[in-house]
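Okay, so here's the structure we're looking at.
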Amino acid sequence: MSKPLKLSLEARATLATDLPAWRMAEGRDAITRRFRFRDFNDAWGFMARVALLAEQQDHHPEWSNVWNRVEILLTTHDAGGLSDRDVALARAIDALLPAEPPPGA
Ligand SMILES: C[C@H](O)[C@H](O)[C@H]1CNC2=NC(N)=NC(=O)C2=N1
């Protein structure tokens, strides 16, 4: 696989609308998202599915789990910051989740 490149300024500008649930991490060139599940079983099931995605994409999260909560941080070590691999993995992670209810529902 070719060496990843840091995400362009143009691509960074679309992050807020493209991946609205993700935030820039503090003090890191990285994006982060917190997830909350019904219980540990659901959180762990989600993590297992993310682990399979990470292996498929050869791109791996920094993450932590406390019972029903999972926090994921995505950055590209080989690029020294955010790359399109983080965006691709974040999109795939979001696609694992049930659709958000519409506002006001
Ligand atoms: C050799 C292997 O392809 C690389 O080390 C991959 C593995 N997973 C990775 N994951 C992340 N988050 N960043 C990387 O730079 C990275 N590099």
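Computed from a predicted model, the values in this text were never measured in an experiment. Side chains are part of it too, since the values below use all heavy atoms of this structure and drop only hydrogens, waters and symmetry mates. Counting convention: from 1, in listed order, for ligands and their atoms alike.
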Task: Inter- and intrachain pairs under salt bridge (charged side-chain N to carboxylate O under 4.0 Å, His left out), touching residues 58-70, at least two apart - done: Arg28-Glu62
Task: Sub-4.0 Å heavy-atom environment of ligand 1, residues by chain - done: Asp58, His59, His60, Thr75, Thr76, His77, Asp78
- [ ] Before accepting this row, confirm whether a basic side-chain N of the pair Asp84/Arg91 lies closer than 4.0 Å to the acidic partner's carboxylate O.
- [x] no
Task: Under the side chain to side chain donor-acceptor pair (under 3.5 Å) test, residues paired with Arg33 that sit two or more places apart - done: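 So Arg33 forms a side chain to side chain donor-acceptor pair (under 3.5 Å) with Asp94.
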- [ ] Check Arg12 against Leu7 and note the closest heavy-atom contact, atom names and distance.
- [x] NE-O, 2.9 Å
- [ ] State the CG-CG distance between Leu74 and Asp29, to the nearest 0.5 angstrom.
- [x] 12.0 Å
Open item on the list: According to salt bridge (charged side-chain N to carboxylate O under 4.0 Å, His left out), who are the partners of Arg34, at least two apart in sequence or on a separate chain?
Closed with: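 Partners of Arg34 by the salt bridge (charged side-chain N to carboxylate O under 4.0 Å, His left out) criterion, ordered by chain and then number, come out as Glu71.
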